[in-house]
Amino acid sequence: FPSSSPMMKPLRSSTGILFAVLGSLALSIPVALAVTYDTSPLPYSDAGEMDLATSVAVSALTEVGIIEGNPDGTFRSGARLNRAEFMKIVMGFLPNDNAISLRCFPDVASNEWYAEPVCRAKWLGIVEGDARSDLPKDQWRFAPTRSVNYAEAVKILVEVFAVPFTGEYALSPIALH
């Protein structure tokens, strides 16, 4: 996609959270949760700045342990999501029943908070890193601090939730990797 395309714009965290809530609803968190959920006990100091939809999503995902907020006690719902944060949220929807190596990309240190979800995503074939023709595949970087864009987010969600595309919307396997 051209860099001016809406698909290449950075994903805002509230948009990412809404994607995550849609996924959580598909994974059996009751639909009534989104209608009647009490958001008053949110543990984040900036919770009052969130709109209702974001508050419900953040509250539900915090309660099930998918998100934790920032070390300073904030959530920053309007901030851009980076690739590590997005992978942490998305991989929270998948069972974690495999022991994997935490040395998956040259720029993902095994002691980083995001190493497990990023490396699990690579092990499952959900991400491969930033493809570069001048480097062997095992040297491709993940760029965890770079903002995730819409195209990357959609590709990852398609991979995680096995969304089939057919007809005019069909994607070739090359387009997904």
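This structure is a prediction, so every number in the text was calculated from the model and none was measured. Residue indices begin at 1 and follow the sequence shown.
Because its NZ or CZ atom is not both nearer than 6.0 Å to the ring centre of Phe142 and within 45° of the ring axis, Lys122 does not count as a cation-pi partner of that residue.
Atom CZ in Arg103 sits 14.0 Å away from atom CG in Asp138 (nearest 0.5 Å). Here the CE-OG distance, from Met50 to Ser77, works out to 5.0 Å after rounding to the nearest 0.5 Å. How far NZ of Lys155 is from CG of Asn149: 12.0 Å, rounded to the nearest 0.5 Å. From Glu68, atom CD reaches atom CG of Leu61 across 12.0 Å, with rounding to the nearest 0.5 Å. The CG atom of Leu124 sits 10.0 Å away from the CD atom of Glu159 when rounded to the nearest 0.5 Å. Distance CD/Glu85 to CZ/Arg80: 12.5 Å, rounded to 0.5 Å.
Shown here are the salt bridge (Lys or Arg N to Asp or Glu O under 4.0 Å) partners of Asp130, two or more places apart in sequence or in another chain: Arg83, Arg146. Every residue was checked against the salt bridge (Lys or Arg N to Asp or Glu O under 4.0 Å) condition with Glu49, not counting sequence neighbours, and none meets it.
Counting all heavy atoms, side chain and backbone alike, Ser55 lies closest to Ala47 at OG-O, 4.2 Å. Scanning all heavy atoms of the two residues, the minimum distance from Ala109 to Ala115 falls at O-CB, 3.4 Å. Heavy-atom minimum distance, Ile67 versus Val58: CD1-O, 3.6 Å. Among all heavy-atom pairs drawn from Ile89 and Leu81, the shortest one is CD1-CD2, 4.2 Å. The two residues Ala143 and Asp107 make their nearest non-hydrogen contact at N-OD2, 2.7 Å. The two residues Cys119 and Ile100 have their closest heavy-atom pair at C-CD1, 3.4 Å.
The stretch residues 107-137 participates, sequence neighbours left out, in no ring-ring contact (aromatic ring centres under 6.0 Å, His included) pair at all.
With Thr74 contributing its side chain and Asn70 its backbone, the two residues share no donor-acceptor pair below 3.5 Å. Under the 3.5 Å distance criterion, the side-chain polar atoms of Trp140 are matched with a main-chain donor or acceptor of Arg132. Panel note: side chain Lys88, backbone Glu116; no donor-acceptor pair is recorded below 3.5 Å.
Between Phe86 and Leu157, the closest side-chain pair of non-hydrogen atoms falls below 4.5 Å. Taking 4.5 Å as the limit, every side-chain heavy atom of Pro144 sits out of range of all side-chain heavy atoms of Asn82.
For Thr62 and Tyr44, the side-chain atoms include at least one donor-acceptor pair closer than 3.5 Å.
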The test is side-chain contact (heavy atoms from CB on, under 4.5 Å); show your working for Ile126 and Val90 and say whether it passes. CA-CA 11 Å; Ile126 295 167; Val90 172; over 6 Å; no
For the pair Phe93 and Val64, evaluate side-chain contact (heavy atoms from CB on, under 4.5 Å) and give the outcome as yes or no after the intermediate values. CA-CA 10 Å; Phe93 291 106; Val64 296; over 6 Å; no
